[in-house]
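In what follows, residues are counted from 1 in the order of the sequence shown. Quantities reported herein were computed from a predicted structural model and do not represent experimental measurements. Heavy atoms only: backbone and side chains are in, while hydrogens, waters and symmetry mates are out. Counting starts at 1 for both ligands and their atoms, in listed order.
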Amino acid sequence: MKCGVVSLFPQTLSVIRDYGITSRAIKKGLLSLHTWDPRDFTTDSYATVDDRPFGGGPGMVMMAAPLRLALNEAKKAIPNAKVIYVSPAGKRFDDACARSLAKAQQPLIFIAGRYEGIDQRVIEQDVDEEISVGDYVLSGGELAVMVIIDALTRWLPGALGHEQSAPNDAFSEENAGLLDCPHYTRPASLDGVDVPKVLLSGDHQAIAIWRKKQTLGQTWLKRPDILEKLTLDEMSQKLLAEFQQEYKTI
Ligand code: 9D3
């Protein structure tokens, strides 16, 4: 998956370039990450990239010209890319979106905005898709771009150490959009709190059933909205009813 990012703060992308699963995906050649800074495409002595909004009002707007010069360099280096502008006004990003971007295999060029945003004419003429990461206000697009690249990298075949990992995470398909079950590691007893016995039993079927039940129960406790949208099979209904019964009697 080829990714380019047009940003006034290209160094901030080091968070995904230098750490964790995204960094390893780059080293494995599954992901590429290159940046272009509109400031490098200015010609005035102040290296101006922003200007006051027509019509007045607070804040500044990213100028079209340096942004487009940077974007055109990115497009030359990454042919056939889809241009994504991350913005609070975009379509809400979720795991289905991450998956479909990963699956499509089309190279991506992200525009990360700063100030009040970018000149509208760049959105109209150069942008294919506008994406938001949630209903809160960020100080710029870089964190949103990193959220999107991180989430889609997890769906690239071979990006995770063991390919079972992604499908078992929250909101994935195999778990049918349910939350994850609780996890434990050594020691078996911590300040008098023991790991659930079944996990030490070696009975793989019993463990799988316990995990399924926890998955349903945790979702019922923490995200009932997710559960309301699902139709559970008979086994799941039975396990959830058991969890609810046990929860109420504690
Ligand atoms: C006062 C109007 N603001 C819009 C809600 C202006 C504004 C705030 C923050 C314009 C741009 C930004 C910077 N945000 C992003 O670049 C951004 C973002 C976000 O703030 N929330 C959720 N998703 C995203 S994706 C990019």
Can you tell me if K103 has over 12 outside heavy atoms packed within less than 6.0 Å of its NZ? no
Check this for me: Q120, atom CD, are more than 12 non-hydrogen atoms of other residues, nucleotides or ligands nearer than 6.0 Å? yes
Begin with the C-alpha distance, continue with both residues' side-chain angles, and end with the deciding distance and a verdict on salt bridge (charged side-chain N to carboxylate O under 4.0 Å, His left out) for K238 and E242. CA-CA 6 Å; K238 183 184 144 264; E242 278 178 28; 3.5 Å; yes
Just go through P58, G140, P88, G57 and tell me whose heavy atom is the nearest to atom 4 (C) of ligand 1. P88
Distance-only, no hydrogens or angles: does the E116 side chain make a donor-acceptor pair with backbone N or O of P58 under 3.5 Å? no
Can you confirm whether M63 sits close enough to D119 that some side-chain heavy atom of one is under 4.5 Å from a side-chain heavy atom of the other? no
Just need the protein heavy atom nearest to atom 3 (N) of ligand 1, so name the residue and atom and give the distance. E116 OE1, 4.4 Å
Counting both backbone and side chain atoms, is some N or O of A144 under 3.5 Å from an N or O of ligand 1? no
Note: R114, heavy atoms under 4.0 Å from ligand 1, region reported as neither
Looking only at protein heavy atoms, which one is nearest to atom 22 (C) of ligand 1, and how far off is it? G134 O, 3.1 Å
Atom 13 (C) of ligand 1 [closest protein heavy-atom partner, distance rounded to 0.1 Å]: L138 O, 3.3 Å
With heavy-atom distances below 4.0 Å as the criterion, list the atoms of ligand 1 near V137. 8 (C), 9 (C), 20 (O)
Atom 11 (C) of ligand 1: nearest protein contact (heavy atom, Å): Y115 O, 3.8 Å
Ligand 1 contact by S87, heavy-atom criterion under 4.0 angstrom: yes
Just need the protein heavy atom nearest to atom 23 (N) of ligand 1, so name the residue and atom and give the distance. V133 N, 3.0 Å
Going by atom types only, do E142 and T12 share a side-chain donor-acceptor pair under 3.5 Å? no
Which ligand 1 atoms, with their elements, are less than 4.0 angstrom from a heavy-atom of Y136? 19 (C), 20 (O), 21 (N), 22 (C)
Quick one: do the D150 and T153 side chains pair a donor with an acceptor below 3.5 Å? no
S189-D194 side chain donor-acceptor pair, cut-off 3.5 Å: yes
